[in-house]
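Here's the structure we're looking at; comments come further down.
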Amino acid sequence: MDECTLPPVVVNNLIEQLLDNQISMDGLGLLRDCIDEYSLATIIQRIYDLNEEQVLRVAALDKVMGWVDSVKNNGRNKRFLKKISGNFCDGNNKVILAEGDSWFNYPVVLSDVIDWIGMEDNMAVYSLASGGDWLLNMLTARKYVEELSVLHPDVFLISGGGNDLVGRNRIAAIVNPLGKSEEFHRSDFARALMKKVNESPIVPIDRDKFIDGARYLSKDFFALLMFFHLQYYFLMNGILCGGKRDPEKSKFKGIKVITQGYDYALPSHKLGWGFNPLRAFKPIIRKYLGHGSWLKTPLQLRGINDKKTQENIIYAMIYLFNEMMIYTGDIFCRIPGLEASVFHIDSRGSVGRDGWTDELHPLPEHFRNTARAFIDCINGIPSRHGQVYVVNPKNP
Amino acid sequence: MQRERWLFWNELLRLNLILALLAGLLDVTENFILLYDLRHVNDPGLYYTSYYVSLFKWILSGWIVLIWGVSVTRSGLGSKRAYAVSRA
């Protein structure tokens, strides 16, 4: 892979094109080779119309949330240390480092993906995940870098981007309420992702839902999508290629990087009352932990009140987000020596309409289904879709 | 709960979080009843029994401890077995 040879003015021009959703695939490829922390910071400030200090403040974890997350992580990491004592690191046992958001660390009440993975006898998980965390924070704080160097894990799990997309009413800023957006058709990147879907979809697509949803996506969404792509590329390049786009420069040879891309969340204000006592926590969580504020309220703020339209918008976003993750991983898997390095867990369609605790988080059994796909991937059980492990919604 | 693999038991433990809150509220209620009775100790007509509140509280507490105890025992046995296998 080539080092960046572009002068700064050209890089800035490419960034402008990205922000305007006008960048070509070739241009995006050139920008990828030149991306660094400074460029990423510039892009996100422009997308969010904030300066760097403001962006980091917006992305920062709430203190209470941070404390609750750290309590759960402390417990997990104590168990990790206990597990790896003795001969754990031999044989088929896996040392895993996890960094992510609330799919990897849901405060107290739910058993999230990392909880289920951590229950496996042959897996010891060290968790840095924090519910509510932004991918931007994870990459800026670089806690994962330190722990990678200390633990030299077999596997690195990353779940991020969801809060960057929906935190602080951001969804309201990246939709076009008129439903006449042509930005999808202007986006070379999005069209390239969907061309691959048309040729061989890994997960079935409901075209009517997608097309309807895409009509409401503004250029800021596509800029954000490409920004996520650059962030994940930057992260993977750092881990797999030492930041030098050369696998020989990696300090973590043989490491597996596994990503995940969420499922089609359902905007809702409903509290989910019912008669099942085992679901008694659902209305309590929905009432007090932000349900409705991530998706439904911001969409309504922009005048998008039709329930089906709201769902279609999220459908299109999540579909593209997952395809972006798969595309990003593919770039590395094509590098000789990195063929089995990056995998993606595809939860699209696995949770269903009744499988959500709240707008963004599945019920524990669906977290478990996603975890099972992770577990299969970590254990090296081959997938029918190469680097992509599709979550089976009907795991017993 | 975060170490319980059996989904049904995992969900029971989750339900127990709410039942524990309920038991706590019942305990507070019981205390208020007892305080009221102590304050009106010279007036038998103003006595209210805390028996049923207390009974329900202890049934819930017993249930919670039972479910938790079974889960911890099963997890502990499972860990010992896994540890023994990994050392073998």
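Lettering of chains follows the sequences in order, A, B, ..., and the numbering in each one begins at 1.
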Open item on the list: Counting neighbours of OH on Y36(B) that are heavy atoms of other residues, nucleotides or ligands and sit closer than 6.0 Å, is the number greater than 12?
Closed with: yes
Task: Part of R76(A) lying under 4.5 Å from any heavy atom of chain B - done: neither
Task: Closest approach of L15(B) to A280(A) (non-hydrogen atoms, all atoms of both residues) - done: CD1-CB, 4.3 Å
Task: NZ/K270(A): more than 12 non-hydrogen atoms of other groups inside 6.0 Å - done: no
TODO: Check the surroundings of atom CG in D354(A): do more than 12 heavy atoms from other residues, nucleotides or ligands lie under 6.0 Å from it?
DONE: no
Task: Within-4.5 Å side-chain heavy-atom neighbours: L278(A) and R14(B) - done: no
TODO: Taking all non-hydrogen atoms of both residues into account, name the closest pair between I18(B) and F281(A) and its distance.
DONE: CD1-N, 3.4 Å
Open item on the list: Taking atom CH2 as the centre, does W9(B) end up with more than 12 heavy-atom neighbours from other residues, nucleotides or ligands that are less than 6.0 angstrom away?
Closed with: yes
Task: chain B neighbours within residues 97-118 of chain A, where any heavy atom lies under 4.5 Å away - done: V108(A), V109(A), L110(A), S111(A), D115(A), W116(A)
- [ ] Check whether R3(B) gets within reach of chain A through its side chain, its backbone, both or neither, counting any heavy atom under 4.5 Å.
- [x] both
TODO: Go through L17(B), L13(B), N10(B) and name the one with the most non-hydrogen pairs under 4.5 angstrom from chain A.
DONE: N10(B)
TODO: Find out whether Q2(B) and K72(A) are in side-chain contact, i.e. whether some heavy atom of one side chain is under 4.5 Å from a heavy atom of the other.
DONE: yes
- [ ] Please check if atom CG in N92(A) has more than 12 non-hydrogen atoms from other residues, nucleotides or ligands closer than 6.0 Å.
- [x] no
